[in-house]
Protein chains: 2
Amino acid sequence: MRKNDFVKELGYLGFTMRLKRISDAMMHEGRRLYSHLDVDIEPNWYVIFKLLKSRGAMSVTEISESIMMAHPSVITITNKMMDAGYLISEKDENDSRKRVLDLSVRASKKLPEYEKIWEAGESGVEKALEGLNALEFISILEDKFFSKGFMQRTIEQLKIKKSC
Amino acid sequence: MRKNDFVKELGYLGFTMRLKRISDAMMHEGRRLYSHLDVDIEPNWYVIFKLLKSRGAMSVTEISESIMMAHPSVITITNKMMDAGYLISEKDENDSRKRVLDLSVRASKKLPEYEKIWEAGESGVEKALEGLNALEFISILEDKFFSKGFMQRTIEQLKIKKSC
DNA sequence: TATATTTGTGTAGTTAACTACATATATGCT
DNA sequence: AGCATATATGTAGTTAACTACACAAATATA
């Protein structure tokens, strides 16, 4: 099935695209999984559930920084979670710009059920990646590409080539 | 900067999200790069340019299969490339359902310039990933997750846990 | 104290992928 | 030959992320 994968032929040029294909595919699978299990949550909610459970109530910006996601994305996700009754939101006592989010009672009730699914998902990934040092690998990728971006690296290479 | 990354704390549970963050970031960087260099092409066009240059004219479905992308995505991308004057499209002689796409003269003229950029991008990635066997790693990821999806793996784990 | 800057949140608009469905043509079978 | 199925393309609607901008409130500075 993957015999004629042209992207693979492109070597490092295809690296980013292959990364994207895998992560897109896994995201879709996550969505299908929840629907299959008849669970009315969405793929990225787990990280908010886990974060608020672990750290307690947090503001939008604090969440955004903790998971390294742009704040409008956090607002979109958490609004949906509020609509679904999993989060409560109130103004910060000391700083009226801030909105503080926390898990609702409903969330606490449902969490044990969801955590079973997440544990199973984690075990599945862990099994699949057994012996690969995948977490180490991804940490290195992050270090490389978040410290100096793809754009910067390319520009440097263009300069080197020009000067030859 | 990455000290307080909660997703990293989640172990294998955060793996997919970290993959997505990196590939999203690289895609954005790619877009910024083209804009910085004042080049009017988009991040994923390179794979179509490369494919048609290497294989010659192809139909929508053939392209879709070669790069493992859903055909509506291919239509969207190639339509934009046509609008920009890089592709030509004509009906297949033998099969009037098919539409065959090929590089335009303009594309051939511009390709050398673009290929310099892609080479530099590739060198940048290659340098960053030096000694990591990144291509091998990603091939293994593909084998694991395209043969048996994340969903399937999770369901299996759920069953194992239940039976304990 | 008044103004300037920074910070927190919200909104609008963009992008790239997907699935599901619609339609036309080709192919296979009886 | 005629009908059923398969294939190729196209369209519509969904999703999740992003940047850029707007505005209010807090903080810093003159």
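Below, chain A is the first sequence line, B the second, and so on; all start at residue 1. All values below come from the heavy atoms of this structure, side chains included, with hydrogens, waters and symmetry mates left out.
The distance from atom CE of B/Met26 to atom P of C/dA16 is 17 Å, rounded to the nearest whole Å. Remark: P of C/dG10 and CE of A/Met69 are 17 Å apart, rounded to the nearest angstrom. Rounded to whole angstrom, the span from the CD1 atom of B/Ile41 across to the P atom of C/dT15 amounts to 15 Å. Here the C1' atom of nucleotide D/dA16 and the OH atom of A/Tyr46 are 14 Å apart, to the nearest Å. If you measure from atom CZ of A/Arg99 to atom C1' of D/dC23, you get 16 Å, rounded to the nearest angstrom. Going from atom CD of B/Glu42 over to atom C1' of D/dC18 covers 14 Å, rounded to whole Å. To the nearest angstrom, P of C/dT15 lies 14 Å from NZ of A/Lys20. Rounded to whole Å, atom P of D/dC18 lies 18 Å from atom CE of A/Met151.
In this structure, A/His71 packs face-to-face on the six-membered ring of C/dT9, meeting both the 5.5 Å centre cutoff and the 30° plane limit.
When only modelled atom types and interatomic distance are considered, A/Ser23 and B/Arg21 share no side-chain donor-acceptor pair under 3.5 Å.
In this view, B/Asp92 satisfies the salt bridge (charged side-chain N to carboxylate O under 4.0 Å, His left out) rule with no residue, not counting sequence neighbours. Listed by chain and residue number, nothing satisfies the side chain to side chain donor-acceptor pair (under 3.5 Å) test with B/Asn79 (two or more places apart in sequence, or in another chain). Residues that satisfy the salt bridge (charged side-chain N to carboxylate O under 4.0 Å, His left out) test with B/Lys20, not counting sequence neighbours, are B/Asp24. For A/Arg153, the side chain to side chain donor-acceptor pair (under 3.5 Å) test picks out no residue, with sequence neighbours left out. The salt bridge (charged side-chain N to carboxylate O under 4.0 Å, His left out) search around A/Lys50 returns A/Glu115, not counting sequence neighbours. Legend: residues meeting salt bridge (charged side-chain N to carboxylate O under 4.0 Å, His left out) with B/Glu93, ordered by chain and number and at least two apart, are absent. Applying the side-chain contact (heavy atoms from CB on, under 4.5 Å) criterion to A/Ser89, with sequence neighbours excluded, gives A/Met82, A/Arg99, A/Leu101.
Using a 4.0 Å cut-off on heavy atoms, the residues of residues 74-81 of chain A that approach DNA chain D are A/Ile77, A/Lys80, listed by number. DNA chain C is contacted by A/Arg97, A/Lys98 of residues 85-98 of chain A, taking any non-hydrogen atom closer than 4.0 Å. Contacts between residues 53-63 of chain B and DNA chain D, counted as heavy-atom distances below 4.0 Å, involve B/Ser59, B/Val60, B/Thr61.
Within the 4.5 Å cutoff, side-chain heavy atoms of B/Ile22 are placed close to those of A/Phe146. With a 4.5 Å cut-off on side-chain heavy atoms, A/Phe137 and B/Leu141 do not count as touching.
Candidate nucleotides C/dG10, D/dC18, C/dT15 were compared by shortest atom distance to the side chain of A/Ala70, and D/dC18 ranks first.
Contact check, B/Arg31 against C/dA16: a side-chain N or O comes under 4.0 Å of OP1 or OP2. The side chain of A/Arg32 contributes no N or O atom lying less than 4.0 Å from OP1 or OP2 of C/dT19.
The 5' end of DNA chain D is approached more closely, in terms of each residue's nearest nucleotide, by A/Met27 than by the other of A/Pro72 and A/Met27.
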Side-chain donor-acceptor pairs of residues 34-42 of chain B under 3.5 Å, sequence neighbours excluded:
unit_1	atom_1	unit_2	atom_2	d
B/Tyr34	OH	B/Trp118	NE1	2.8
B/Asp40	OD1	B/Tyr86	OH	3.0

Please tabulate, for the side chains in residues 57-67 of chain B, all donor-acceptor contacts under 3.5 angstrom to protein atoms that are two or more places apart in sequence or on a different chain.
unit_1	atom_1	unit_2	atom_2	d
B/Ser59	OG	B/Glu62	N	3.2
B/Ser59	OG	B/Glu62	OE1	3.4
B/Glu62	OE1	B/Ser59	N	2.9
B/Ser64	OG	B/Met69	O	2.7
B/Ser66	OG	B/Glu62	O	2.7

